[in-house]
Amino acid sequence: MTLINENYLKLKAGYLFPEIGRRVKAFTDAHPDAKVIRLGIGDVTQPLAPAVIKAFHDGVDDLARGESFHGYGPEQGYDWLSKIIIEKSYKPLGVELMPSEVFISDGSKCDSANILDILALANKVAICDPVYPVYNDTNVMIGRTGEANDKGYYEGLVYLPCTEANNFTPAIPKEKVDIIYLCYPNNPTGMVATRAELKAWVDYANAQGSIIFFDAAYEAFITEPGIPHSIYEIEGAKTCAIEFRSFSKTAGFTGVRCGLTVVPEQLMALTASGEKVALNKLWNRRQCTKFNGVSYPVQRAAAAVYSEEGWSQVQETISFYLDNARLILEGLKTAGITCYGGVNAPYIWLKTPGGIASWDFFDKLLNECHVVGTPGSGFGPSGEGYFRLSAFGSRENVQEAVRRIQEKWGNR
Ligand code: MLT
């Protein structure tokens, strides 16, 4: 019989969010009248901006006419989209990029997984703990790890704990690592990195010859001045960092699918015999072979995010979600619950009341308040005793969820 990739059998449980979905379904099947509020997976709820919808429609209309029809597009995305992104999203930060360095894709989740294709399995990888589970699981799937231990740490990966004790800031590892995943604003903790903290990572990476995978999917939610939106705002980052960005949370594209990955031309890695190779070329080769580009109407819709009208509409939606985050943060604090994040990110990271285990809190919140969140331990062992609430709900649902939580835990 055909043999499987046994690395998949090392994975501890199902992927986190489907597992939550399964538990919620079991609950709603048993309690069909319960008004369940879902603040688990970070999925947007507000409609696309009108300017984006118009461009999307126009893109589809183009496909209906012979003279404006588009077949296969460039695997790297249309030049006009890359140029707008550079102009509107990077130039204002003082970052110069070339269109050849920007690869449009169907999302940063896929890219942050697919990027592993172009780097050797022998690389030592460091990830934060807790972490967006994709970074951990894709390294297991590709065969970089041994089995997980009792705590849930996989043999072969270096884990960087982010807890209250270190203000959720990972310490630079003492040992040499070749690849470091950083995500800021952070999923799940909602915390950010200062310029000095990122500078320390960039200096480490350049000194060691390591590469940083910088996931900036939530950069649009940064409200505090001085917090970097891109790793390339840090001097030296172009020789050590790949950046992932997404339209999902920025512009409500979770169901539309569009993201981008920046691979600077200067970024090099080595062959086993010590020869330098540009990663831009390898990623381009990988995309040309395994990816056929994002659909034309979706790229038209993405470009409209940067129109004057589109930008202000998108900013309004981001402010709406950030107001939700503030309501959750303040509401939970009033109930005596210790919370983090929620200021520069759409996630609130809370300590479970009474220190109960994350999944027990999940069940309690679902059964007693009919509110769904995400157990901190699902993001890694150091997330145990924490819980994540997403601010992407409707205003009514967010207010109602806070009210139910306050009613349950407020008077202790
Ligand atoms: C999350 O809830 O962590 C995210 O929505 C997952 C994702 O973006 O893939």
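Whatever order the structure lists them in is the order used to number ligands and atoms, beginning at 1.
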**Report entry** Pairwise side-chain contact, Tyr78 with Pro74, heavy-atom cut-off 4.5 Å (strictly under)
**Finding:** yes
Query - Side chain proximity check, Phe392 to Asp43, heavy atoms < 4.5 angstrom - result: no
Report summary line: Nearest heavy-atom contact between Phe253 and Cys258 is CD2-CB, 3.8 Å
Query - Contact check: Gly42 vs ligand 1, nitrogen or oxygen atoms, below 3.5 angstrom - result: yes
Report task. Looking only at distances, please establish whether an N/O atom of ligand 1 is found under 3.5 Å from an N/O atom of Asn187. Result -> yes
Query raised in the report: Is the side chain of Arg144 donor-acceptor paired with the backbone N or O of Asn123 at a distance under 3.5 Å, no angle test?
Result: yes
Query raised in the report: What residue and atom, counting heavy atoms only, is the protein's closest point to atom 6 (C) of ligand 1, and at what distance?
Result: Tyr132 CE1, 3.6 Å
Query raised in the report: Nearest to atom 8 (O) of ligand 1, what protein heavy atom do you find, and at what distance?
Result: Lys249 NZ, 2.9 Å
**Report entry** Mode of Phe392 contact toward ligand 1 - side chain, backbone, both, neither (heavy atoms, under 4.0 Å)
**Finding:** neither
Query raised in the report: Can the positive tip of Arg286 be found less than 6.0 Å from the middle of the six-membered ring of Phe103, inside 45° of the ring normal?
Result: no
Report task. Could you list the atoms of ligand 1 found under 4.0 angstrom from a heavy atom of Tyr347? Result -> 1 (C), 2 (O), 3 (O), 4 (C), 5 (O)
Requested in this report: List every atom of ligand 1 that sits less than 4.0 Å from any heavy atom of Ile41, numbering the atoms from 1 in the order shown and giving each element.
Outcome: 2 (O), 5 (O)
Report summary line: Between Asp111 and the options Thr261, Leu260, Val263, Ile242, the side chain to side chain contact (heavy atoms under 4.5 Å, CB included) test singles out Thr261
